[in-house]
2 protein chains.
Amino acid sequence: MRLTTKGRYAVTAMLDLALHSEQGPVSLADISNRQGISLSYLEQLFAKLRRQQLVSSVRGPGGGYRLAGELKTISVAQVVDAVSESLDATRCEGKGDCQHGEVCLTHHLWEDLSAQIHRFLSDISLADLVQRRDIQSVRDRQDNQQRITAEQIACSQI
Amino acid sequence: MRLTTKGRYAVTAMLDLALHSEQGPVSLADISNRQGISLSYLEQLFAKLRRQQLVSSVRGPGGGYRLAGELKTISVAQVVDAVSESLDATRCEGKGDCQHGEVCLTHHLWEDLSAQIHRFLSDISLADLVQRRDIQSVRDRQDNQQRITAEQIACSQI
DNA sequence: AAATAGTTGAGTAAAATACTCGGTTATAGG
DNA sequence: CCTATAACCGAGTATTTTACTCAACTATTT
């Protein structure tokens with residue numbers, strides 16, 4: 001399990017989806033505006049999330065993405081794994097062929113750590129995140145900002 | 001705390017140092033041979049490790065690096081932190097200015113995770129690693145391979 | 001028919017990673 | 001003093017990943 005900003009983007013986007021999916025599917029354009037992630041990048045991330053069946057899509061006007069399952073059945077670990085495709089060739093990542101076809105010195109240490117991180121993130125579901133107070137306050141701020149921006153755009157177009 | 005192969009290289013090198021520091025300082029050339037890490041890359045890593053006072057250096061013939069402290073006082077977390085210089089601009093890494101000067105949705109989540117990983121790696125000292133059975137077996141294999149290679153070189157030069 | 005929004009692919013700039021190269025300085029041993 | 005060793009230092013570079021742009025196409029709604 002690799003931990004980069006890519007996985008963080010994916011979790012942030014999925015959480016935004018969870019927070020706004022009450023009134024139908026959520027478009028990537030909305031997520032892009034709220035979370036400050038580029039639309040095209042989101043498209044790439046969601047292509048992977050869809051392939052892993054974490055989200056389902058609705059095409060056409062009013063369309064967007066929906067969570068494929070219950071909030072509490074989707075873990076942060078699943079989301080990170082979906083976009084990380086960590087079967088890469090980085091030494092000590094897959095099988096133990098780190099050094100001349102044998103395990104390297106710290107192979108098992110990193111295996112332990114990986115398991116630890118995975119366990120931590122597997123225990124956190126989107127449902128858990130949605131209930132966090134710090135996330136709710138950020139959500140409120142973002143929703144207000146969005147409303148203000150939308151009004152400003154509306155005003156400037158008169 | 002970021003977790004990349006860079007930190008893994010550093011921990012592997014420090015562990016090699018720990019395993020071979022009984023008979024005086026260990027040269028980077030030796031570590032490079034045993035662990036398959038390029039010499040110049042090791043130089044860069046050890047420059048940082050020295051700046052963080054995790055190792056001390058001895059110049060000249062027979063010189064090399066020594067651990068600056070006791071085995072059990074050096075944690076894996078310290079080593080990873082020394083080479084990671086993670087005061088980078090990656091969103092949600094330093095202060096909470098992830099999005100328009102405010103914290104982003106998952107800021108606190110990643111803070112929690114970071115603390116978790118840091119705690120895990122802080123509890124593991126080089127002394128702990130040296131005692132691990134899996135590491136001792138890899139060490140034996142590597143030491144033997146090195147001896148064989150050294151003999152082959154000696155033979156080929158006759 | 002037109003607008004919306006997902007889907008796909010190719011290409012690209014910036015950053016991080018993992019090096020290489022070419023030197024210098026300090027020091028031990030002859 | 002000379003020479004070999006090995007740390008030190010800075011610049012440069014190939015590869016990969018990240019994060020993103022652009023352009024087209026398809027499905028669906030109104």
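All values below come from the heavy atoms of this structure, side chains included, with hydrogens, waters and symmetry mates left out. Worth saying up front: this structure is predicted, and the values here are computed from it rather than measured. Protein chains get the first letters and strands the later ones, always in sequence-line order, with residue 1 at the start of each.
- The separation between B/Leu42 atom CG and C/dA18 atom P is 12 Å, rounded to whole Å.
- OP1 or OP2 of D/dA19 lies within a sub-4.0 Å distance of a side-chain N or O belonging to A/Tyr41.
- Both A/Ser38 and B/Ala29 lie close to DNA chain D; mapped to their nearest nucleotides by heavy-atom distance, the more 5′-ward contact belongs to B/Ala29.
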Could you run down the sub-3.5 Å N/O contacts of the protein with nucleotides 10-15 of chain C?
none

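- B/Ser40 pairs by the side-chain hydrogen bond (donor to acceptor under 3.5 Å, both in side chains) definition with nothing, not counting sequence neighbours.
- Checked against D/dC20, C/dT7, D/dC8, the side chain of A/Tyr65 finds its nearest nucleotide in C/dT7.
- Looking at residues two or more places apart in sequence or on another chain, you find a side-chain contact (heavy atoms from CB on, under 4.5 Å) between B/Leu71 and B/Ala18, B/Leu67, B/Leu126, B/Ala127, B/Val130.
- Under the rule for a salt bridge (Lys or Arg N to Asp or Glu O under 4.0 Å), B/Arg50 has no partner lying at least two apart in sequence or in another chain.
- Straight-line distance from the CG atom of B/Leu45 to the C1' atom of C/dC19: 11 Å, rounded to whole Å.
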- [ ] Summarise how protein sits on nucleotides 22-30 of chain D as a single string, 5' to 3': B when a protein heavy atom is under 4.0 Å from the base, S for sugar-phosphate-only contact, - for no contact.
- [x] B---BBBB-

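- The closest donor-acceptor contact from the side chain of A/Ser122 to the backbone of A/Ala77 lies at 3.5 Å or more, if one exists at all.
- Distance, A/Arg8 CZ to D/dT17 C1': 15 Å, rounded to whole Å.
- For B/Ser57, a side-chain nitrogen or oxygen approaches OP1 or OP2 of D/dC8 to under 4.0 Å.
- B/Phe46 places a side-chain heavy atom less than 4.5 Å from the side chain of B/Ile31.
- Of the listed nucleotides (C/dG6, D/dA7, D/dC20), D/dA7 has the atom at the smallest distance from the side chain of B/Leu28.
- Nucleotide D/dA7 holds its C1' atom 14 Å from the CG atom of B/Leu17, rounded to whole Å.
- Atom P of nucleotide D/dT16 and atom NZ of B/Lys6 are separated by 18 Å, given to the nearest angstrom.
- Ranked by how close their nearest DNA chain D nucleotide is to the 5' end, A/Gly7 and B/Ala47 are led by B/Ala47.
- When the side-chain contact (heavy atoms from CB on, under 4.5 Å) test is applied to B/Gln136, no partner is found at least two apart in sequence or on another chain.
- Residues in residues 55-70 of chain A take part in no salt bridge (charged side-chain N to carboxylate O under 4.0 Å, His left out) pair, two or more places apart or across chains.
- Distances shown here put every side-chain N or O of B/Arg51 at or beyond 4.0 Å from the OP1 or OP2 atom of D/dC9.
- The list of salt bridge (charged side-chain N to carboxylate O under 4.0 Å, His left out) pairs with a residue in residues 9-21 of chain B, not counting sequence neighbours, reads B/Asp16-B/Arg34.
- Tracing side-chain contacts under 4.5 Å through hydrophobic residues (I, L, V, M, F, W, Y), one reaches B/Tyr41 starting from B/Leu54; they form part of the same cluster.
- Distance CD1 (A/Ile37) to P (D/dT21): 12 Å, rounded to an integer number of Å.
- Whole-Å rounding puts the A/Lys48 NZ to D/dA19 C1' distance at 12 Å.
- The OH-C1' distance, from B/Tyr9 to C/dA16, rounds to 14 Å in whole Å.
- Screening residues 120-132 of chain B for salt bridge (charged side-chain N to carboxylate O under 4.0 Å, His left out) gives A/Asp112-B/Arg132, B/Arg132-B/Asp134 as the qualifying pairs, with residues at least two apart or on separate chains.
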